[in-house]
Amino acid sequence: MEARDKQVLRSLRLELGAEVLVEGLVLQYLYQEGVLTENHVQEINAQTTGLRKTMLLLDILPSRGPKAFDTFLDSLQEFPWVREKLKKAREEATTSLPAGLEEKGRAGRRTGWGAGEEKGQTFQTVGMRT
């Protein structure tokens with residue numbers, strides 16, 4: 001899953017949890033499309049409340065590959081207002097990123113000079129010259 005999509009899920013986590021998205025066909029669709037395994041479905045269904053089920057789904061989704069977010073959007077046929085909110089947040093996240101930053105996010109981390117500067121962090125480099 002792209003860094004942008006992970007951020008969208010993280011930023012809307014509490015709102016998504018309140019929707020109890022795991023009821024109905026969402027889990028079955030994600031299983032059918034190979035985003036979730038049978039073990040994932042069993043683990044989610046074993047949770048005691050709808051909120052816990054949804055939170056576990058949101059914990060699992062980011063690690064389920066590049067098509068997980070789009071497939072999750074497709075699974076939300078019973079929740080069109082949630083799907084639209086996620087799409088809008090994704091568009092806003094895309095337009096608010098500086099050029100090239102999204103591609104760096106896909107790599108999973110920044111390396112080299114300036115790593116960490118987005119969060120106002122400053123690093124001092126100490127090394128040996130040869």
Could you state the interatomic distance from [atom1] ([X]) to [atom2] ([Y]), rounded to the nearest 0.5 Å?
| X | Y | atom1 | atom2 | answer |
| --- | --- | --- | --- | --- |
| N45 | L27 | CG | CG | 5.5 Å |
| E84 | L76 | CD | CG | 10.0 Å |
| S75 | Q28 | OG | CD | 11.5 Å |
| L73 | D5 | CG | CG | 8.0 Å |

message = How close do E78 and V26 get, counting heavy atoms only, and between which atoms?
response =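 Here E78 and V26 meet closest at OE1-N, 4.2 Å.
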
request  = Identify the heavy atoms of A89 and L12 that sit nearest to each other, and give their distance.
outcome  =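 Taking A89 first and L12 second, the nearest heavy atoms are CB-CD1, 3.9 Å.
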
ask   = Can you get from L56 to L58 by hopping between Ile, Leu, Val, Met, Phe, Trp and Tyr side chains that sit under 4.5 Å apart?
value =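 Same hydrophobic cluster.
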
Joint hydrophobic cluster, L25 plus W81, side-chain heavy atoms closer than 4.5 Å =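 Hydrophobic grouping puts L25 apart from W81.
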
For the backbone of [Y] and the side chain of [X], can you confirm whether one donor and one acceptor N or O come within less than 3.5 Å of each other?
| X | Y | answer |
| --- | --- | --- |
| T71 | A68 | no |
| R4 | A93 | no |
| K67 | E33 | yes |

message = Could you check whether atom CZ of F79 has more than 12 heavy atoms from other residues, nucleotides or ligands sitting under 6.0 Å from it?
response =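 Enclosed: over 12 neighbouring heavy atoms sit under 6.0 Å from CZ of F79.
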
task = Could you walk me through whether V82 and E15 pass the side-chain contact (heavy atoms from CB on, under 4.5 Å) test, one step at a time?
result = CA-CA 9 Å; V82 175; E15 291 180 54; over 6 Å; no

So do the side chains of [X] and [Y] get within less than 4.5 Å of each other, counting heavy atoms only?
| X | Y | value |
| --- | --- | --- |
| V35 | Y29 | no |
| L30 | H40 | no |
| L86 | F72 | yes |
| L14 | M55 | yes |
| T49 | T54 | no |
| E92 | V8 | no |

task = From the options R13, R64, K53, select the one residue that forms a salt bridge (Lys or Arg N to Asp or Glu O under 4.0 Å) with D59.
result =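 The passing option is R13.
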
query = For L16 and L57, what are the C-alpha separation, side-chain angles and deciding distance, and is it a side-chain contact (heavy atoms from CB on, under 4.5 Å)?
reply = CA-CA 10 Å; L16 293 171; L57 173 62; over 6 Å; no

query = Hey, is D70 close enough to R90 for a salt bridge, meaning N to O under 4.0 Å?
reply =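 Looking at D70 and R90, the cut-off is met.
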
task = For a side-chain contact (heavy atoms from CB on, under 4.5 Å) with M1, tell me which candidate from P62, S63, P66 qualifies.
result =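 Testing M1 for a side-chain contact (heavy atoms from CB on, under 4.5 Å) against P62, S63, P66 leaves exactly one candidate, P62.
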
